[in-house]
Amino acid sequence: MLRLLLGHPEVEIGAVTGGSNAGQSLGSLQPHLTPLADRVLEETSTDTLAGHDVVVLGLPHGQSGPIAAALPDDVVVIDCGADYRLADAGEWERFYGGEHAGTWPYGLPELPGQRDRLRGATRIAVPGCYPTISSLLAVPAVAAGLVTPDVVVVAASGTSGAGKKPAPHLLGSEVMGSASAYGVGGVHRHTPEITQNLRAVTDEPVRVSFTPTLVPMSRGILATVSAPARDGVTAADARAAYAEAYGEEPFVHLLAEGQWPATQSVLGSNAVHLQVALDETAGRLVAVGVVDNLAKGTGGAAVQCLNLALGLDEGLGLTAVGLAP
């Protein structure tokens, strides 16, 4: 997000804070952020954050609540963690543990009716990266009644989705030349978030089977979403539903027929590329999409929400142009 904000014409970056890295220079940790290299990371406290118009939190699960509660109501607080994403306290306790902090407007403006909730909001919960791409792929079909909402999601992510904390299974020697599944069997924490987004657009019971996989690249997600197509649904119906849903969206692009998404096309950008098809043999609608998990997957989404909250042009500081090759 700092990388993006450095190119934002209406934002001045104030305090930059850390946890265990507090006291270190930002340049020693993130040398690509050259204009901020001499900044020293301050402690993440309400005293440090006081006086800012906007505060962006990227804390471990369960730690945003106390800080957000201590900030004035007129300060725009954007949480990139999971604390305020879920509406169901029981689901929060089941997947995250601890007490549910509450529910804020959900920072995915491309969902039906969501953009209006974000304009002028002072508290916003940025979605997880997997729910961002999975929801954008599934919602048009579910909302249009083209499928039974029994949804299967298989998504491949780069290693940056796990953050920068050293871990043996993320070492280069373990990752390169290998792909692996994790969080299998409905236990991944993003599952209830995807389900929640689909329940918002249908009165039918929703089931989501979500399997994430780790692949040897640093960033990006390629997701495949499928669900049983209703009788009589055609490939033209499917394409029309997605074209209608995203035809006016600045960052979500339905590719030309026969063209399939590739992660390289969206790297570094706030763009989502998607394609949809009807598998007539299996009787399933299939949607495939890509997103940069660090941009539209989190940091870019936060900037997009910041713009909406402050009444700025939604695309300020963002680009739909990826870094390819």
Side-chain angles (χ1 to χ4, degrees), residues 57-65 68 77-114 117-118 121 123-143 147-157 161-163 181-214 221-228 272 287 289 291 293-294 296-298 301-302 305:
L57 301 175
L59 303 173
H61 305 312
Q63 296 188 18
S64 297
V77 183
I78 298 175
D79 187 19
C80 294
D83 288 22
Y84 295 96
R85 294 171 184 164
L86 297 181
D88 189 320
E91 289 285 81
W92 166 267
E93 293 169 6
R94 175 186 170 195
F95 282 87
Y96 292 94
E99 186 176 351
H100 183 227
T103 308
W104 290 353
Y106 191 73
L108 191 53
E110 292 84 2
L111 294 181
Q114 199 62 24
R117 300 184 182 100
L118 297 171
R123 298 291 189 271
I124 296 174
V126 179
C129 53
Y130 280 129
T132 293
I133 185 64
S134 301
S135 301
L136 292 175
L137 287 173
V139 160
V142 173
V147 298
T148 302
D150 188 355
V151 178
V152 174
V153 181
V154 178
S157 174
Y182 66 99
V184 181
V187 299
H188 193 281
R189 288 171 168 174
H190 283 169
T191 303
E193 198 177 331
I194 301 168
T195 305
Q196 175 177 278
N197 292 341
L198 298 184
R199 284 175 177 160
V201 297
T202 181
D203 293 328
E204 296 184 66
V206 173
R207 293 197 303 178
V208 173
S209 173
F210 171 51
T211 302
T213 61
L214 183 69
I221 294 176
L222 171 70
T224 301
V225 172
S226 71
V272 172
V291 69
N293 56 297
L294 299 179
K296 177 59 172 170
T298 303
C305 291

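These values consider heavy atoms only, across backbone and side chains, with no hydrogens, waters or symmetry-generated copies. We're numbering straight along the sequence, starting at 1.
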Problem - Audit row: Leu86, Phe95, side-chain contact (heavy atoms from CB on, under 4.5 Å) steps and yes/no - result: CA-CA 10 Å; Leu86 297 181; Phe95 282 87; 5.6 Å; no
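- Looking at Thr213, its side chain does come within 3.5 Å of a backbone N or O of Ala155 through a donor-acceptor pair.
- Side-chain N or O atoms of Thr103 include none that pairs as donor or acceptor with a backbone N or O of Tyr84 at under 3.5 Å.
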Practice task
Take Leu137 and Val272 through the side-chain contact (heavy atoms from CB on, under 4.5 Å) test and state the conclusion after the steps.
Solution key: CA-CA 10 Å; Leu137 287 173; Val272 172; over 6 Å; no
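- To the nearest 0.5 Å, the span separating CD1 on Ile78 from SG on Cys305 amounts to 6.0 Å.
- By the 4.5 Å heavy-atom criterion applied to side chains, Val151 and Val206 are not counted as neighbours.
- Not one N or O on the side chain of Arg207 forms a donor-acceptor pair closer than 3.5 Å with the backbone of Asp150.
- When the options Ile221, Val153, Asn293 are evaluated for a side chain to side chain contact (heavy atoms under 4.5 Å, CB included) with Tyr130, the one that passes is Ile221.
- Residues Asp88 and Gln196 are not in side-chain contact: their nearest non-hydrogen atoms beyond the backbone lie 4.5 Å or more apart.
- Residue pairs meeting the salt bridge (charged side-chain N to carboxylate O under 4.0 Å, His left out) criterion with at least one member in residues 99-109: none, sequence neighbours excluded.
- Here the closest non-hydrogen pair linking Leu136 and Pro140 is O-CD, 3.3 Å.
- When all heavy atoms of Ile133 and Gly289 are compared, the closest pair comes out as CD1-C, 3.7 Å.
- Closest approach of Pro127 and Gly107 over heavy atoms only: CD-O, 3.3 Å.
- Separating the CG atom in Leu198 from the CG atom in Leu111 is a distance of 9.0 Å, to the nearest 0.5 Å.
- Closest approach of Gly297 and Thr132 over heavy atoms only: O-OG1, 4.4 Å.
- Considering all non-hydrogen atoms of both residues, Gly65 and Ala101 come closest at CA-CB, 4.4 Å.
- With no hydrogens or angles considered, a side-chain donor-acceptor pair links Tyr106 and Glu193 at under 3.5 Å.
- Remark: the Gln114 side chain and the Arg117 side chain contain an N/O donor-acceptor pair separated by less than 3.5 Å.
- You'll find the side chain of Arg85 reaches within 4.5 Å of the side chain of His190, heavy atoms only.
- Here the side chains of Asp83 and Trp92 are in contact, with some heavy-atom distance below 4.5 Å.
- Judged by distance alone, the side chain of His61 and the main-chain N or O of Gly97 form no donor-acceptor pair under 3.5 Å.
- Between Asp79 and Val126, the closest side-chain pair of non-hydrogen atoms is not below 4.5 Å.
- Checked by atom type and distance alone, the side chain of Asn197 never pairs as donor or acceptor with a backbone atom of Ser135 at under 3.5 Å.
- Taking both residues in full, the closest heavy atoms of Pro149 and Pro205 are given as CG-O, 3.4 Å, listed atom of the first, atom of the second, then distance.
- Residues Pro112 and Val201 form a side-chain contact, since some pair of their non-hydrogen atoms from C-beta on lies under 4.5 Å apart.
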